[in-house]
Amino acid sequence: MTDLSAFPITKKWPAQHPDRIQLYSLPTPNGVKVSILLEETGLPYEVHRVSFDAKDQFSPEFLSLSPNNKIPAILDPNGPDGKPLALFESGAILIYLASKVGKFLPADTAGRYETLQWIMFQMGGIGPMFGQLGFFHKFAGKDYEDKRPRDRYVEESKRLLNVLDQRLEGRDWVMGDEYTIADIAILPWVRNLVGFYGAGELVEFSRFKNVARVLEAFVARPAVARGLTIPAQV
């Protein structure tokens with residue numbers, strides 16, 4: 001049996017199945033990227049809930065694996081050269097897992113880097129901008145009298161949606177016919193923007209027909225439906 005005792009995180013979240021990928025997460029847009037991909041690949045994994053209410057993300061055990069105190073993070077007991085590999089940052093984890101199974105990331109060099117550019121588009125643009133809009137529209141920021149910060153993020157979110165909408169014109173997925181980790185990175189954030197954040201009307205989401213079409217196809221995938229609820233609410 002694989003021994004993961006050298007990793008402090010396993011003291012707080014003991015591995016019942018140490019031969020499986022250990023996932024430390026919550027069903028947030030960043031968190032579900034990894035659970036969706038794990039469901040799509042069929043890789044065996046064990047999930048551990050990192051409770052924000054209990055401030056688990058600031059515990060020494062979690063910080064030993066994810067020093068930026070953000071979910072998700074993974075511990076793969078069967079990493080490169082057969083050695084355990086610990087990773088944080090959802091984009092890095094997506095690239096690693098897709099490379100591990102040889103799926104959801106084009107094998108040709110040009111296709112690979114074109115896919116990666118769209119992941120960076122999500123990591124550097126969609127995630128931060130949609131997240132800020134959510135803060136100013138749904139959470140504490142909504143009480144600010146000055147609406148200029150909110151409006152700034154509304155306009156930038158519209159711009160990003162327009163970029164994505166143009167990319168999806170005539171395409172089934174971001175990369176065309178092939179469903180990839182670019183879709184898995186981007187679409188949970190779009191779903192969160194119009195769903196959990198309730199900002200669809202604010203960003204005029206009805207204008208972005210291609211985005212809406214692809215989002216509908218995405219959430220209809222069985223692996224996506226499962227991944228969106230992992231780890232389950234306890």
Side-chain angles (χ1 to χ4, degrees), residues 20-48 50 57 62 65-80 84-131 160 164 167-168 171-193 211 214-215 217-219 221-231:
R20 302 178 186 178
I21 292 171
Q22 305 294 303
L23 170 64
Y24 308 90
S25 192
L26 274 179
T28 67
N30 282 333
V32 299
K33 294 177 196 174
V34 176
S35 54
I36 287 170
L37 182 56
L38 285 166
E39 289 292 322
E40 293 278 15
T41 63
L43 285 167
Y45 69 100
E46 179 178 354
V47 64
H48 305 278
V50 180
Q57 72 272 32
F62 187 71
L65 182 56
S66 181
N68 196 33
N69 69 263
K70 303 295 183 184
I71 60 96
I74 67 166
L75 175 55
D76 183 2
N78 303 300
L85 177 67
L87 283 178
F88 69 98
E89 281 295 334
S90 59
I93 297 170
L94 290 183
I95 296 165
Y96 169 70
L97 292 175
S99 300
K100 182 181 177 77
V101 298
K103 291 182 177 181
F104 309 111
L105 183 60
D108 66 289
T109 301
R112 177 183 177 88
Y113 283 105
E114 190 176 352
T115 304
L116 295 181
Q117 78 179 350
W118 286 101
I119 293 176
M120 302 308 163
F121 168 77
Q122 183 275 304
M123 300 292 289
I126 280 183
M129 294 303 108
F130 288 11
L160 291 166
L164 182 59
R167 172 65 182 182
L168 292 171
R171 291 182 168 90
D172 291 335
W173 302 103
V174 170
M175 289 301 296
D177 295 336
E178 186 177 357
Y179 172 74
T180 69
I181 54 175
D183 305 292
I184 295 173
I186 293 169
L187 292 167
W189 274 102
V190 177
R191 175 180 176 269
N192 209 63
L193 179 70
V211 178
V214 176
L215 176 61
F218 178 69
V219 298
R221 295 178 68 90
V224 172
R226 294 191 300 271
L228 287 171
T229 64
I230 296 171

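The analysis underlying the following values was restricted to heavy atoms, covering all of them including side chains, and did not include hydrogens, waters or symmetry mates. Position 1 is the first residue of the sequence; numbering continues from there.
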For Leu105 and Ser99, what are the C-alpha separation, side-chain angles and deciding distance, and is it a side chain to side chain contact (heavy atoms under 4.5 Å, CB included)?
-> CA-CA 7 Å; Leu105 183 60; Ser99 300; 3.8 Å; yes
Check the pair Tyr179 / Asp172 against side-chain hydrogen bond (donor to acceptor under 3.5 Å, both in side chains), numbers first and verdict last.
-> CA-CA 8 Å; Tyr179 172 74; Asp172 291 335; over 6 Å; no
Show your reasoning for whether side chain to side chain contact (heavy atoms under 4.5 Å, CB included) applies to Tyr45 and Ile230.
-> CA-CA 11 Å; Tyr45 69 100; Ile230 296 171; 3.1 Å; yes
Go through the steps to decide whether Met123 and Ser90 satisfy the test side chain to side chain contact (heavy atoms under 4.5 Å, CB included), and finish with yes or no.
-> CA-CA 9 Å; Met123 300 292 289; Ser90 59; 4.0 Å; yes
Side chain to side chain contact (heavy atoms under 4.5 Å, CB included) evaluation trace for Leu164 with Ile186 | CA-CA 9 Å; Leu164 182 59; Ile186 293 169; 3.7 Å; yes
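How far CZ of Phe218 is from CD1 of Ile184: 6.0 Å, rounded to the nearest 0.5 Å. One distance of note links CG of Asn192 with CZ of Phe130; it measures 10.0 Å at 0.5 Å rounding. For the atom pair OG (Ser25) and CD1 (Ile93), the distance works out to 8.0 Å, reported to the nearest 0.5 Å. Between His48 atom NE2 and Leu26 atom CG the span is 13.0 Å, to the nearest 0.5 Å. Rounding to the nearest 0.5 Å gives a distance of 6.0 Å between CG of Leu116 and CD1 of Ile181. Once rounded to the nearest 0.5 Å, the distance linking OG1 of Thr41 with CD1 of Ile36 reads 12.0 Å.
In this structure, the side chains of Leu97 and Phe104 stay at 4.5 Å or more apart for every pair of heavy atoms. Between Leu160 and Met129, some side-chain heavy-atom pair lies under the 4.5 Å cut-off. The shortest side-chain heavy-atom distance between Phe88 and Leu65 does not fall under the 4.5 Å cut-off. Residues Leu23 and Ser35 form a side-chain contact, since some pair of their non-hydrogen atoms from C-beta on lies under 4.5 Å apart. At a threshold of 4.5 Å between non-hydrogen side-chain atoms, the residues Tyr96 and Pro80 count as touching. Looking at Lys70 and Thr28, their side chains never come closer than 4.5 Å, going by heavy atoms from C-beta outward. For the pair Asn30/Gln122, a side-chain contact is recorded, criterion being any heavy-atom separation below 4.5 Å from C-beta on.
Counting only distance, with no hydrogens or angles, the side chain of Ser66 and the backbone of Phe62 share no donor-acceptor pair below 3.5 Å. At distances below 3.5 Å, not a single donor-acceptor pair connects side-chain atoms of Glu89 with backbone N or O atoms of Leu87.
Nearest heavy-atom pair across Ile119 and Gly91 is CG2-CA, 4.4 Å. Considering every non-hydrogen atom in both Leu38 and Ile21, the closest pair reads CD2-CD1, 4.1 Å. Of all heavy-atom pairs between Thr180 and Pro106, the closest is CG2-CD, 4.2 Å. The nearest pair of heavy atoms linking Glu178 to Asp183 is O-OD2, 4.1 Å. Minimum interatomic distance between Met175 and Trp118 (heavy atoms only, all atoms of both residues): SD-CD1, 4.5 Å. Shortest non-hydrogen contact noted between Ile74 and Val34 is CG2-CG1, 4.1 Å.
Surrounding CG of Asp177 are at most 12 heavy atoms belonging to other residues, nucleotides or ligands under 6.0 Å away.
Residue Pro27 forms a side-chain contact (heavy atoms from CB on, under 4.5 Å) with just one option from Leu228, Ile71, Val32, and that option is Val32.
Under the salt bridge (charged side-chain N to carboxylate O under 4.0 Å, His left out) criterion, Glu46 pairs with no residue, sequence neighbours left out. Glu114 meets the salt bridge (charged side-chain N to carboxylate O under 4.0 Å, His left out) test with Arg167; sequence neighbours excluded.
Ion pairing between Asp76 and Lys100 holds under the 4.0 Å rule for side-chain N and carboxylate O.
The salt bridge (Lys or Arg N to Asp or Glu O under 4.0 Å) analysis of residues 21-43, with sequence neighbours excluded, yields the pairs Glu39-Arg226, Glu40-Arg221.
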